[in-house]
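See structure below.
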Amino acid sequence: MSTRSRSNLYLGLFCLGFALLLLFVWIPLDTDTGWIEKVRRQVTIGDSLAPSVAGIFLLVGGIILILIERSARDQPKLTGGNLRFIGSVLLILFISFAIMRYCGPLLVSATNIFTGETLEYRLLRDTVPWKYAGYFPGGIVLISGLISLIEGRLTARSVVISAVAVVVLIAIYDLPFDDLLLPPNGDV
Amino acid sequence: MGVLDYIWLGILSVFQGPELFSIFGLPVSVTLVMILCGFLLGIAVGATPGLAGPIAMAIALPILISVFGYTQEALLPVMGFLIGIMKGATIGGAVPAILFNTPGTPDAYMTTLDGYPMTQKGQAKKALRVAHFSSASGDTFSDIVLIVCAPFLALLVEAYLDLPEKTALLILSLSFIAAVVGGSPAKGLISTGLGLLAVYVATGEDFYPRLSLGTKQLSQGFPIATAVLGVLIIGSVFKGLEELWHEKRKSGGIAMIRDSGDQRLHFADIRRLLPFIARSAVIGTAIGALPGIGSTLAATLGYTIGKSRYQRRKAKDDPDFGTGVPEGIAATEAANSSVSGANLIPVLSLGIPGNAAAVFLILAAESIGGFNPGPSVFRFTADVVNPELVVAFGLFTAMLIANGLNWTIGGFFMRSMGIMTRIPKHILLPIVLLLTLTAIYVQETRMEAIWFALAFGVLGYLMRSLSISPLPFVIAFILGGKLEESARQAFAATGGDAFFLFTNPIALVFMLMSVGVIVFTAVKSKGAT
């Protein structure tokens, strides 16, 4: 019995639907001018034309997938395994960047409690060691988290490797330059 | 200013640029040092499975711009470094392919077919020497073709193509890339459409940033670094991690094989290899000159044609291709290396990037400013100096210097890079991910850029999972703005003629070719099912 994948058909239908939505809903509702506009008695190309060309590329691609490439030999499809993997990666990244973003301000607040001072992270974000307070732990969690995901376990070796790698990255991007800000110091 | 004056100025701009240090009173320019550093880094990166030239270029670019700034003087050191990486990565990719049956770069896959069997026979060093000689030969040939052809092609474009034709040429390039990259024209079109859609968010001429959904986050559009690095690098890292996740790390030590027999490359060997190198160099250069096709196809074609020639002429007892024949390595390496120079023909003469490395060269030029790759570069103005033309000849000089390095120290450095293959990929890829995200942040200095890059990374991952090539996306993202601008100018220049793409004969031919290439490849792909 033939069990040919139908992923091209589904992808084609998705692209067709998305292209129609783009051409007939998103572009008309979210753009100020049409394909061609008359401004001060001069005819010019409006802001809708270029995105419509993008929509036409998607539309034609979807139609060719449905009509011509529906039975193509090589049709890899997205599986639950793919989604579980990318979900796990994104979760690790989200946690890492949350640590990166909030660790510095939290450390400053904690320091204030013990010292009674009223320091602000924003004012300290370009001073050592505060400027690494978010990047260092966040980076370690990111690298060691992904290594652990692949290895299936968290090891001290992966944490040490991550710490060394983050120190090297700091040495590359921060130590030689006064004008570069490591994440998240441009935002806080 | 004549042509020779411009060439001389280009050469001088490399050798007499800002001095870094001097040896015995002889000044050494910073550009020379940067070409050397880029070349050595490129070999190391190419020799490391999981890394590739574009990754190194992506990571290096923000650092280089921080060091050299946004001045005209920064162009040659920065672009020289990137050219060095491009050249080094091409020869470096053969190292793990030959020593450990693991191609360092995708186009080195065919090198494994004869390279690894030679290693198993104890001929590893000889295989590396064959790969280096073939690679350097192909690269040199390709650079000469680039230097001769790019200015002429640019002059032809400037002389015969007006705004409507240039617009049609951009559409033809996008259609061609969509049709030929990845083997599925439909998926190529989808990738191109997504790239165009992404670049058109929050751009345009109206006061309201189009397609921004009324949100503040989208109102500035997507920075080029987030889209290009996201889809190209982060998507590739996600996919690479997933493959490792599925493999569950098939452990097993690397078998130690002792070298045996003569490891040198003799003149007789070279004479035997030259016909294979020459054919593959021509194939690779021809393929490289067409945007988007890439070195993997060149390597495959070079190997296949070399194989058929070898089979016709070999003696009865000679080993077959695929069993450790130096001709197999030569045919592959000459083909994939000769793509790199020729790939810059569409970049410099038309402003159209043909591969990922060319994308980063354009990105560097756009970030620094003062050099807009395209036909206007090659204006041989007699009364005033055209600085862009001087930079173009400076780049040609940089390529030839990188070639010289390839011939002189490249082989030795390449043979010493076997150690890089021992870095575990599952440790390397997460570090590359943080490195890339940090590179994006230091350029944009806002967390939104990281979220955008991750979103584009997921898109790149999904595209790879569905066999959709991300290259048309990236090229469409880069050319999208130019396409719209050119169409607006052509429309205005033709007095508001809505059919400006069809009323001019050359533009009409380009448009028919755009449709033709899609229809032809689609029908052909149907025939193959």
Side-chain angles (χ1 to χ4, degrees), chain A residues 7 11-12 15 19 22 26-27 30-33 36 43-45 47 49-51 53-55 57-58 60-62 64-65 68-69 71-74 76-78 82 85-86 89-90 93 97 101 139 142-143 146-147 149-151 161 165-166 169 172-173 177 179-184 186-187, chain B residues 63 66 178 184-190 192-194 196-197 200 204-208 210-213 238 241-242 244-245 249 426-427 429-431 433-435 437-438 441-442 445-447 450 454 458 461-462 465-467 480 483-484 487-488 491-492 496 498 518 522-523 525-526 528-529:
Chain A
S7 88
L11 179 64
C15 288
L22 176 68
W26 190 6
I27 294 173
D30 207 15
T31 311
D32 265 1
T33 49
I36 289 173
V43 188
T44 60
I45 287 179
D47 265 9
L49 184 62
V53 172
F57 268 84
L58 288 168
V60 176
I64 294 178
L65 265 186
I68 299 179
E69 295 184 19
S71 308
R73 272 193 207 124
D74 179 31
K77 58 181 180 184
L78 284 178
N82 290 129
F85 169 77
I86 199 69
V89 169
L90 290 178
L93 291 174
F97 281 106
R101 171 70 181 79
L142 190 152
I143 296 175
L146 290 176
I147 293 174
L149 178 71
I150 305 301
E151 289 183 339
I161 288 171
V166 177
L169 292 190
I172 293 173
Y173 281 110
F177 309 109
D179 55 339
L180 295 188
L181 285 174
L182 289 170
D187 292 81
Chain B
I63 299 176
S66 292
S184 159
K187 290 179 178 177
L189 284 171
I190 291 166
T192 307
L194 289 173
L196 288 175
L197 179 62
Y200 291 143
E205 292 190 343
D206 292 337
F207 181 70
Y208 174 74
R210 67 183 169 198
L211 307 180
S212 60
L213 300 167
F238 286 166
L241 284 171
E242 189 196 43
L244 293 169
W245 192 53
R249 301 174 325 285
H426 73 284
I427 291 176
L429 289 179
I431 297 172
L433 180 63
L434 183 60
L435 200 60
L437 290 171
T438 309
Y441 190 87
V442 297
T445 340
R446 56 188 173 121
M447 285 304 270
I450 286 188
L454 288 175
V458 173
Y461 163 81
L462 293 176
S465 299
L466 292 167
S467 277
L483 175 66
E484 187 178 22
R488 282 183 195 275
F491 187 72
I518 296 291
V523 170
S525 74
K526 184 171 190 181
T529 59

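In the text below, chain A, chain B and the rest are named by the order of the sequence lines, each starting its count at 1.
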Worked check of side chain to side chain contact (heavy atoms under 4.5 Å, CB included) between L433(B) and L93(A): CA-CA 10 Å; L433(B) 180 63; L93(A) 291 174; 3.7 Å; yes
V89(A) portion near chain B, given a 4.5 angstrom heavy-atom threshold: side chain
Part of E484(B) lying under 4.5 Å from any heavy atom of chain A: side chain
Donor-acceptor pair between Y200(B) and D47(A) side chains, under 3.5 angstrom: no
Taking every non-hydrogen atom, the tightest pair across L211(B) and P51(A): CD1-CB, 3.7 Å
Nearest heavy-atom neighbours spanning S465(B) and P76(A): O-CB, 3.4 Å
A487(B) to I45(A) - nearest heavy-atom pair and separation: O-CD1, 3.5 Å
Most contacts with chain B, counted as non-hydrogen pairs under 4.5 angstrom, among A19(A), G12(A), C15(A): C15(A)
Interchain contact, L65(A) with chain B, by part (heavy-atom threshold 4.5 Å): both
L466(B) CG to L78(A) CG distance, which is reported to the nearest 0.5 Å: 4.0 Å
Straight-line distance of L196(B) CG to L58(A) CG, nearest 0.5 Å: 8.5 Å
Residue among L437(B), L197(B), L462(B) with most heavy-atom pairs under 4.5 Å to chain A: L197(B)
Which of A165(A), G55(A), P183(A) touches chain B most, by non-hydrogen pairs under 4.5 Å: P183(A)
A54(A) versus G193(B), closest heavy-atom pair with distance: CB-O, 3.6 Å
Interface residue of largest heavy-atom contact number with chain B, from V53(A), V43(A), I172(A), under 4.5 Å: V43(A)
From CZ (F85(A)) to OH (Y461(B)), nearest 0.5 Å: 6.0 Å
Portion of I147(A) that has a non-hydrogen atom of chain B nearer than 4.5 angstrom: both
Closest non-hydrogen atom pair between I518(B) and I64(A), with its separation: CG2-CD1, 3.7 Å
Part of A178(B) within contact of chain A (heavy atom distance under 4.5 Å): neither
Taking every non-hydrogen atom, the tightest pair across A50(A) and R210(B): CB-NH1, 4.2 Å
Contact class of I27(A) relative to chain B, heavy atoms under 4.5 angstrom: both
Proximal component of I450(B), with respect to chain A [non-hydrogen, under 4.5 Å]: side chain
Interchain contact, I36(A) with chain B, by part (heavy-atom threshold 4.5 Å): side chain
Flag, side chain of E69(A) to backbone of S184(B), donor-acceptor distance under 3.5 Å: no
From E242(B) atom CD to L149(A) atom CG, the distance as rounded to the nearest 0.5 Å: 10.5 Å
Gap between atom CZ of F238(B) and atom CG of L146(A) - 0.5 Å precision: 8.0 Å
Proximity breakdown for T33(A) and chain B, heavy-atom pairs closer than 4.5 Å: both
Atom pair CG/OH of L434(B) and Y173(A) - distance to nearest 0.5 Å: 9.0 Å
D30(A) (side chain) donor-acceptor with S212(B) (main chain) under 3.5 angstrom: yes
Residue pair L49(A), F491(B): steps toward the side chain to side chain contact (heavy atoms under 4.5 Å, CB included) verdict: CA-CA 12 Å; L49(A) 184 62; F491(B) 187 72; over 6 Å; no
Option in T438(B), I431(B), L454(B) with maximal non-hydrogen atom pairs under 4.5 Å from chain A: T438(B)
L182(A), part contacting chain B, at a heavy-atom distance under 4.5 Å: both
Intermediate values then yes/no, side chain to side chain contact (heavy atoms under 4.5 Å, CB included), L11(A) and K187(B): CA-CA 9 Å; L11(A) 179 64; K187(B) 290 179 178 177; 4.1 Å; yes
Contact origin within I161(A) toward chain B - heavy atom pairs under 4.5 Å: side chain
